[in-house]
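Contents: one structure, followed by commentary.
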Amino acid sequence: MVAGVRETVPVGPGFIMSLPTSMAMLAFIFLAVGSNASAGSLDSDIDRLKADVAELSQTLYELEESVLYPVDTQVAVFLTLSNREGLDLDSVELYLNDKPVASHLYTDRERDSLKQGGVQRLYIGNLPHGSHQLKAVLTARSANERFVRREAVHQFRKRPGESRIQMTLDAKAPDYEPVVSFQEWK
Amino acid sequence: MDLRVRLWKSGYLVALGFAMLCASGATGANNNGDLRELRDGLARFALDSGDPAGALRYTRKSSGEAGLLVRAKALMATGNGGKARPILEQLLEGQYYRGQAALLLADLAAGKDDALARQRLETAARLAHGEARQQALYRLAELQREAGNADRAGQVLALMEPGYWAALGYMNIAADYGKRDLNPSRALVALRVALAMSGEDSDGHRSQELRSRLLVRAGHLAYEHEDYEKAIGFLEKVPLESYSTPQGLYLHGLALSASGNQRAAMQSWHRARKYPLAYPGVANAWLGTGRGYDLAGYLGQAGEAYLAANASYESERVTLRKLTDQIRDKGAFQALVLDARNSEAQWFLADSRTLTQPRTAYLLRFMEQPHAQAAVNRVAELREIGQTLDQHEGSLTVFRGAIRERLGPGATVNLPSEGFDDSIEALANRVANLNAHATSTVQREALKSAARTLSDVKTSIARLDDRLAKKDRELNNLLDQTDSALERVGSIRHRAGALLEQAEAALNEMALVFVEEQDRRLAFALDRTEQQIAHLYEYLALRNIERGQP
C-alpha cells in the first residue's frame, strides 16, 4: 500500500471505518477490558489477603488473652447504654483501686454503635482475689443540652475464674440525670 | 415412724433439690442468653469501630440472628464474601433481619449475577425497614433508570420516604430529563423534589453537600434554558463552604452577566477566583472577569484581567508539572493523597481553608472519578494491612519473649502448698475468733468478706499443683502457636508488598493521566485568554487607526 493511503473496511451496514481507526478502537477496547480484568483480579487478591489478616488477628487476640490475662485473675469491664436518647457520651475514665487504668474519648460512630446496642470492652486486666473498688468518671451531653460529669463507684470481689463487670449507663426523661448501674458476670 | 419421717424428709429434699436444679438451670440458661447478648454487643461495637477481625472473634459461636448478621458483615468487610453468603441466606429465611440480609446478598451478587441482584433488591425493598429499605428502593430505581425506563424509575422513587436516598434518585432522574428534554420543566421539577427530599436527611453534612450540588445543577439547567432569574434564584442559595461553591459562583456570574448586570457578575467571578483552579468553573471565572470588563466598556481593565488570568494559568501549569514530577518520584499516594493531608493550615483555620488548598482541590477533583476512589482505596487498604502486620509482629515477638521467660529455669518455683494450707488455716481461725468478738454489723461483714477471700485463695491453691504440672506443656503449645503466627505474618507481608506495588503502579498511571488532563484543560484556557487578548489589542489598534493616532 502506498504510504498515506488508507484502506477502509466495512464494519456494518452503512458504517465504514478506516483500518487505523478500527485498530485503535480495538486496542482501546482490549486495554479497557484488560485494565478492568487486572483491577478485578487485584481486588480479589486483596480480599484474600484481608481474610488471611483477619484470621491472623483472631489468633493474636487469643494468644494475647492466654499469655497476658490468665483466666483465674482476669477482670474485664464493659460499657453499655440502656437509653438511646438520653446521653451523648464524650468520655469515660476508669480507676481500679484509685489507679487510672483506662480512658476513652468517643467518636460519633462509637456513640451510634453504643446507642444501637453495641457493648464496649473498656478494660481487661488482672487482679488478685479479694475486695476491689472500681470507679468510673464519665462526661456527656444530656438530651436537655446539659454537660454532665458524674462519678460512680462499685465495690466488687474478685473470685477465681473470669470476672466480667458490665457498667450500664442510663438517663431517663425528663431530667436526663445519668445513672450508672453495675452487673457482675461469672 | 422414724423411717416414715426420714422418707418424707428425703422426699422433701429430693423435691427441693429438683426445684433448685430447675431454678439453677433456668438461671444458667438466662446467663448463657445474656452472655450471648454481651458477645453480640461486643461484636457490633468492634465492627462499628473498624475492627471486623474482633467482631469475627466475638461471633465465632454465635447462633442468634443479631450475632450472625454482625458476623456476615464482618466477613464481607474482611473480603470473605463466600463465607458470608450461607449465613445471609440463613438470615433470609429467619425472623428479624430478612431485609438487611437480602440487601447484603444483593451486594454480593452485584456485578456477577444481575438478575439475582435485582431479585435480592426486590426482596429487600419488600422486607427491610428504614435506611436499608430506602437504599434497596434507590438501587432498584437506578437499575430502571440505567435501562432507560425513567418513568418506571420515577414510580419506584414515589414509594420512598423523604431523605438522602430519594434525593439522590430524583437528582439522577433530573440529569436524564435534562439530557433528553428540550424543555427543562420536568428536570427542574425533579430537582425541586430532590431538594425537598434532601432536607429530610438526618445527616446534616451529607444533606448540605447534596443540597449544594442540587442547587448548582438547577441553576445550570435554568441558565442553559435562558431563564436567568430562576438560575440566579437557585445559585444564590448555594452555601459558601461546599465543594460546589466555586462552580455555583461562576454560574451565578454567568447568569448575572447574561441578564445585563456585569458589575454583580464580576463580583461573583471575583469570589470564584479565590478558589484553586482545580475546581470546576474557576478557570472560566478568571476569563469571565476580563470579559465582564470588556462588556462594561473598561477595555484597559479587561486587558489587565486577561493578562492576570494568563499568569495564573501559567503558574498553575508549573504547579501541575511539579505534581507530575512528585508523582513520578514519590508515587501518587504520597504526592496526591498524603501530602494534601499535611497542609500547613493552622487548626483554627483548617475548616475554612480546606477548600482553598490547591493540593486538596486536585485530590477532591481526582477522587470524583469512581475508578480513582477504588484505586486510592486499594493502596490505603494495603498500607493499613502493612501497618497491622507490623503491630502484630511486634506483639508476637513480645509474647514469644514472655513465654520463653516463663519457660526458662528461673521461672520454676516450688511452692510449699502445705505451708500455704497451714497459713490459711491459721488465718481462718483468727477470723473465726474475731467473729466471735465482733460487736457491729460492719465488723461482721468485714470478717465475712475476709473469710470468703480465704476460701477463694484455698480453692485456687488446691488447683495450683495441677496447673503447675500442665504449665510447661501449655506454654510450649502457646510458643508453637506464636512461632507459627510469626511465620504467617512473614508470608502475608510478602504477598501484601507485591500487591501494594501493583496497586501503587495502577494509581500512579491513573494520577498521571489525570494531571495531564488538567494540564490540557489549562492549556485550553490559556489559549482562550490569548485569543481574547489578541482580539482586544486588535480592536484597540483598529480604533486608534480610525482615530488617526499612531
Side-chain angles (χ1 to χ4, degrees), chain A residues 35-36 38-68 70 72-73 76 78-80 106-114 116-121 128-131 155 157-161 164 166 183 185-186, chain B residues 31 34-35 37-42 44-54 56-57 60 66 74-75 77-81 83 371 374-375 378 381-382 385 388-389 392 395-396 399 402-403 449 452-453 456-457 459-460 463 467 474 478 481-482 485 488-489 492 495-496 499 502-503 506:
Chain A
S35 82
N36 278 346
S38 77
S41 109
L42 189 60
D43 281 339
S44 54
D45 283 348
I46 293 174
D47 277 353
R48 273 196 292 276
L49 188 80
K50 274 158 70 181
D52 288 350
V53 173
E55 214 169 290
L56 182 75
S57 301
Q58 288 177 73
T59 310
L60 188 79
Y61 282 133
E62 279 160 20
L63 276 169
E64 189 181 45
E65 289 204 356
S66 314
V67 177
L68 300 181
D72 236 19
T73 53
F78 304 102
L79 175 77
T80 59
Y106 289 89
T107 62
D108 285 341
R109 285 181 72 182
E110 288 170 340
R111 265 184 225 120
D112 284 346
S113 182
L114 285 173
Q116 284 165 16
V119 180
Q120 183 192 9
R121 190 177 76 179
H129 299 335
S131 294
Q155 301 287 344
R157 164 173 298 285
K158 172 71 192 122
R159 305 205 59 198
R164 303 183 190 96
Q166 184 176 334
Q183 184 185 3
W185 301 85
K186 275 297 289 176
Chain B
N31 225 10
D34 289 346
L35 269 180
E37 258 181 45
L38 184 74
R39 287 194 157 268
D40 289 351
L42 284 164
R44 174 189 268 273
F45 189 83
L47 183 67
D48 291 343
S49 51
D51 179 17
L56 287 176
R57 185 174 67 106
R60 185 173 294 165
L75 281 167
T78 51
N80 233 331
K83 283 187 184 168
H371 64 279
R378 274 183 214 117
E381 272 187 339
L382 287 164
I385 285 176
T388 309
L389 290 173
H392 284 1
S395 304
L396 286 165
F399 292 166
I403 297 168
S449 164
R452 263 191 246 136
T453 306
D456 288 344
V457 172
T459 315
S460 288
R463 284 196 233 141
R467 285 170 60 189
E474 279 177 7
L478 284 175
Q481 284 181 42
T482 311
R488 274 161 67 199
V489 168
I492 293 174
R495 276 165 57 204
L499 288 173
Q502 282 182 49

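All values reported here derive from a predicted model rather than from experimental measurement. Proteins get letters first, then strands, A, B, ... in listed order; numbering begins at 1 in each.
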Between [atom1] on residue [X] and [atom2] on residue [Y], distance to nearest 0.5 Å:
X	Y	atom1	atom2	result
B:T388	A:K50	OG1	NZ	11.5 Å
A:D52	B:R488	CG	CZ	7.5 Å
A:Q58	B:L56	CD	CG	5.0 Å
B:T78	A:R48	OG1	CZ	14.0 Å

Identify the heavy atoms of [X] and [Y] that sit nearest to each other, and give their distance.
X	Y	value
B:A53	A:A54	CB-O, 3.8 Å
B:S395	A:L60	CB-CD1, 4.2 Å
B:L389	A:L56	CD2-CD2, 3.9 Å
B:R57	A:Y61	CD-CB, 3.3 Å
A:S57	B:H392	OG-NE2, 2.9 Å

Contacting moiety of [X], where chain A heavy atoms sit under 4.5 Å:
X	result
B:D51	side chain
B:R60	side chain
B:L42	both
B:L478	both
B:A496	both
B:A374	neither

For B:R44 and A:S113, test the side chains for any donor-to-acceptor distance below 3.5 angstrom and give the result as yes or no.
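There is no such pair (donor and acceptor under 3.5 Å, judged by atom type) between the side chains of B:R44 and A:S113.
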Return the option, out of [options], with the maximum number of heavy-atom pairs under 4.5 Å with chain A.
options	result
B:I385, B:L75, B:L47	B:I385
B:G50, B:A74, B:A375, B:G54	B:G54
B:H371, B:E381, B:K83, B:E474	B:E381

Do B:Q481 and A:E62 pass the side-chain contact (heavy atoms from CB on, under 4.5 Å) test, and can you show the C-alpha distance, the side-chain angles, and the key distance before you say yes or no?
CA-CA 10 Å; B:Q481 284 181 42; A:E62 279 160 20; 5.5 Å; no
B:F45 and side chain to side chain contact (heavy atoms under 4.5 Å, CB included): which single residue from A:Q120, A:R109, A:Q116 fits?
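With B:F45 as partner, A:Q120, A:R109, A:Q116 yield a single side chain to side chain contact (heavy atoms under 4.5 Å, CB included), made by A:Q120.
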Atom group of A:E55 that falls short of 4.5 Å from chain B, counting heavy atoms
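Backbone plus side chain of A:E55, per the 4.5 Å heavy-atom cut-off to chain B.
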Pairs of heavy atoms under 4.5 Å with chain B: top-ranked of A:L63, A:D112, A:D45, A:V53:
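Among the listed options, the one with the most contacts to chain B is A:L63.
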Top contributor to chain B contacts, counting heavy-atom pairs under 4.5 Å, from A:R157, A:H129, A:R121, A:E110
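When all of A:R157, A:H129, A:R121, A:E110 are compared, A:R157 has the most.
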